[in-house]
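Only heavy atoms go into these numbers, but all of them, side chains included; no hydrogens, no water, no symmetry mates. Atoms within a ligand are numbered from 1 in the order they appear, just like the ligands themselves.
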Amino acid sequence: MTYHQGFRFFSGYFDRAAQVALLAAVRDIVADAPLYVPTMPHTGKAMSVRMTNAGALGWVTDRDSGYRYERLHPVTGNAWPAIPAMLVCLWRNVADYPAFPEACLVNVYDSKSRLGSHVDADEHDRNAPVVSVSLGDDAVFHIGGSRRSDPKTRMVLRSGDVVVLGGEARLAYHGVDRVRAGTSDLIEGGGRINLTLRRVTVAS
Ligand code: SIN
Ligand code: FE2
């Protein structure tokens, strides 16, 4: 399914057993680097997703310093845990990019969470794609074009699905309109986890 050059959708890339293993890896990340509530630049408004990261760099946001990558967890002050091997392997298989990912952003959604339309633009290396993995409840995801006003295509992302935003789609507006509670039994108590792998610095 191709909506844009560089957009790739792998339905059911991870089977149930792999999803269970990934969920365990996410629990290990969260045990080391606890979830926190990110806040929007300037307004300080709380986002409706909770976040943490794995990797050398983590994507963070707060009122005073805005969107950026940091080496240390904003609450614990510790370095982020390593990106799980399964995800490094995924990147190798689908990213079509010679260097490793540096960040794995973990977004945790409940049934009321959404993620407004945005472009992932805080990475220096735009030649590397963003690779996303969905776990748990279904999400209504949208992808548009390089302008906010461009028409959007909506699709459902299910547990185990992988999306690659590369090429033209790398700088396309995208977001999550809603999460459909009760659509997956992977995560106890429901909810959705999205993992995005990113290369931040230009590979030398
Ligand atoms: C993101 O844009 O960072 C996450 C997208 C998603 O949750 O599917
Ligand atoms: Fe994004």
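Residue-ligand proximity, Leu115 to ligand 1, at heavy-atom distances under 4.0 Å covers atoms 1 (C), 2 (O), 3 (O), 4 (C). Ligand-side atoms of ligand 1 in range of His174: 2 (O), range being under 4.0 angstrom from any heavy atom. Annotation for ligand 1: atoms under 4.0 Å from non-hydrogen atoms of His118 are 1 (C), 2 (O). Near Val176, with a cut-off below 4.0 Å to any heavy atom, the atoms of ligand 1 are 6 (C), 7 (O), 8 (O).
Note that the CG atom of Leu115 and the OG atom of Ser48 stand 7.5 Å from one another [nearest 0.5 Å].
Among all protein heavy atoms, the one lying closest to atom 7 (O) of ligand 1 is Tyr109 OH, 2.5 Å. For atom 5 (C) of ligand 1, the closest non-hydrogen atom of the protein is Asn194 OD1, 3.8 Å. At the shortest separation from atom 8 (O) of ligand 1 among protein heavy atoms lies Arg192 NH2, 2.9 Å.
The atom of Asp120 nearest to the Fe ion (ligand 2) is OD1, with the search restricted to N, O or S atoms.
Under 4.0 Å is where a charged nitrogen must lie from a carboxylate oxygen, and between Arg180 and Asp137 no such pair does. Under a 4.0 Å N-O distance rule, the pair Arg71/Glu102 does not qualify as a salt bridge. Asp122 has no carboxylate O lying under 4.0 Å from a charged side-chain N of Arg68, or vice versa, which leaves the two without a salt bridge. Using a 4.0 Å cut-off between a side-chain N of Lys or Arg and a carboxylate O of Asp or Glu, Arg114 and Asp177 do not qualify as a salt bridge. By the 4.0 Å N-to-carboxylate-O rule, Arg158 lies too far from Asp161 to be salt-bridged with it.
Under a 4.0 Å heavy-atom criterion, Arg198 is in contact with ligand 1.
Residue-to-ligand polar distances keep Ser134 apart from ligand 1: every N/O pair is separated by 3.5 Å or more. Looking at ligand 1, you won't find any N or O of Asp120 less than 3.5 Å from one of its N or O atoms.
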When the side chains of residues 75-82 are checked against the rest of the protein, which donor-acceptor pairs come out under 3.5 Å, sequence neighbours left out?
residue : atom : partner : partner atom : Å
Thr76   : OG1  : Asn78   : N            : 3.1
Trp80   : NE1  : Glu70   : O            : 2.8

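Residue contacts with ligand 1, taken as heavy atom pairs separated by less than 4.0 Å, involve Asn107 solely via side-chain atoms from C-beta onward.
Note: angle at the Fe ion (ligand 2), from NE2 of His118 to NE2 of His174, is 90° (rounded to 10 degrees).
For Arg192 and Tyr109, the positive end sits near the middle of the six-membered ring, less than 6.0 Å away and at most 45° from its axis.
Between Thr52 and Val26 there is no side-chain heavy-atom pair separated by less than 4.5 Å.
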